[in-house]
Amino acid sequence: QVQLVESGGGSVQAGGSLRLSCAASARPFSNYNMGWYRQAPGKERELVATISSGGSARYADSVKGRFTISRENGKNTIFLQMNSLKPEDTDVYYCSSRRMGTTTNYWGQGTQVTVSS
């Protein structure tokens, strides 16, 4: 099974930055589309950003210009650089993977991001 482990969450003040990491066991890693999602209590999990196996990135409108998703295939890791953080970015952030040609997403356990005003 695919194992995903997120790290890098924490507490920052509005305007600050955090960098999230997700280490994946998926092999070959380059065959997987990857993404970051977030979820607040009582809400559905929402897409933050995705990056395809070929490196194409997409972002939710709410984070465009502030967040950057990237992947380092040699280390089987994706990142989410979060700048200009806002209190509304406070959520648990989850890493997700989906092998090309499949519809099943795998999830990590999540990492908490808290942004204070």
Side-chain angles (χ1 to χ4, degrees):
Q1 63 180 24
V2 175
Q3 303 286 344
L4 302 170
V5 180
E6 303 99 333
S7 62
S11 181
V12 298
Q13 293 189 356
S17 298
L18 286 172
R19 183 174 174 84
L20 306 183
S21 299
C22 172
S25 67
R27 301 289 187 278
F29 184 65
S30 59
N31 285 357
Y32 286 79
N33 297 313
M34 305 293 295
W36 288 99
Y37 293 71
R38 62 189 183 187
Q39 186 172 26
K43 294 185 176 181
E44 293 292 318
R45 193 167 296 183
E46 68 169 339
L47 173 69
V48 176
T50 62
I51 185 164
S52 73
S53 61
S56 297
R58 293 180 178 271
Y59 300 91
D61 288 342
S62 60
V63 307
K64 286 181 180 177
R66 300 189 298 120
F67 292 8
T68 302
I69 188 172
S70 61
R71 65 192 298 159
E72 190 168 328
N73 288 345
K75 295 184 177 181
N76 294 348
T77 302
I78 66 166
F79 304 91
L80 185 68
Q81 179 66 47
M82 304 185 293
N83 298 325
S84 301
L85 283 162
K86 304 175 180 179
E88 51 262 45
D89 295 320
T90 295
D91 273 314
V92 177
Y93 284 70
Y94 296 89
C95 179
S96 177
S97 69
R98 184 174 70 248
R99 186 181 176 93
M100 291 187 298
T102 75
T103 59
T104 300
N105 276 40
Y106 294 89
W107 302 94
Q109 294 300 305
T111 185
Q112 177 71 47
V113 171
T114 301
V115 184
S116 60
S117 61

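Note: the hydrophobic cluster containing Tyr106 also contains Leu80 (ILVMFWY, side chain heavy atoms under 4.5 Å, direct or indirect links). Cluster annotation: Leu20 is connected to Val12 through the hydrophobic network of ILVMFWY side chains, with a link wherever side-chain heavy atoms come within less than 4.5 Å. Cluster membership for Leu4 and Ile78, using ILVMFWY side-chain heavy atoms within less than 4.5 angstrom, is shared. Hydrophobic clustering, with ILVMFWY side chains joined whenever heavy atoms are under 4.5 angstrom apart, keeps Tyr94 apart from Ile51.
Residues Gln112 and Thr90 are in side-chain contact: their nearest non-hydrogen atoms beyond the backbone lie under 4.5 Å apart. The shortest side-chain heavy-atom distance between Arg99 and Pro28 falls under the 4.5 Å cut-off. Counting heavy atoms from C-beta on, the side chains of Lys75 and Ser21 never come closer than 4.5 Å. For the pair Arg45 and Asn105, the minimum side-chain heavy-atom distance is 4.5 Å or more. Side-chain contact check for Gln109 versus Val5: every heavy-atom pair is 4.5 Å or farther apart.
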Before giving the answer on side chain to side chain contact (heavy atoms under 4.5 Å, CB included), spell out for Val48 and Met82 the whole-Å C-alpha distance, their side-chain angles and the decisive distance to 0.1 Å. CA-CA 11 Å; Val48 176; Met82 304 185 293; over 6 Å; no
Please step through side chain to side chain contact (heavy atoms under 4.5 Å, CB included) for the pair Gln39 and Asp91, ending with a clear verdict. CA-CA 6 Å; Gln39 186 172 26; Asp91 273 314; 5.5 Å; no
Full working for side chain to side chain contact (heavy atoms under 4.5 Å, CB included) between Ile69 and Phe67: CA-CA 7 Å; Ile69 188 172; Phe67 292 8; over 6 Å; no
Trp36 vs Glu6, test: side chain to side chain contact (heavy atoms under 4.5 Å, CB included). Steps then yes/no. CA-CA 10 Å; Trp36 288 99; Glu6 303 99 333; 3.8 Å; yes
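In the model, Asn73 has no side-chain atom that pairs as donor or acceptor with a side-chain atom of Ser30 under 3.5 Å.
Separating the SG atom in Cys95 from the CZ atom in Phe79 is a distance of 11.0 Å, to the nearest 0.5 Å. Remark: Gln13 CD to Ser117 OG distance equals 9.0 Å, nearest 0.5 Å. Separation of atoms OG (Ser25) and CG (Asn76) is listed at 8.5 Å; rounding is to 0.5 Å. A distance of 10.0 Å separates CG of Asn83 from CZ of Arg19, quoted to the nearest 0.5 Å. Between Ser52 atom OG and Arg98 atom CZ the span is 10.5 Å, to the nearest 0.5 Å. Here the straight-line distance linking atom OG1 of Thr50 with atom CE of Met34 works out to 11.0 Å at 0.5 Å rounding.
Between Lys86 and Asp89, none of the side-chain N atoms (NZ, or NE/NH1/NH2) sits under 4.0 Å from a carboxylate O, so this pair counts as no salt bridge.
Counting all heavy atoms, side chain and backbone alike, Ser84 lies closest to Arg66 at O-NH1, 3.0 Å. Considering all non-hydrogen atoms of both residues, Arg38 and Tyr93 come closest at NH1-OH, 2.9 Å. Of all non-hydrogen atoms in Ala14 and Pro87, the two that sit nearest each other are CB-CD, 4.1 Å. The shortest non-hydrogen separation linking Val2 to Ser97 is CG1-OG, 3.4 Å.
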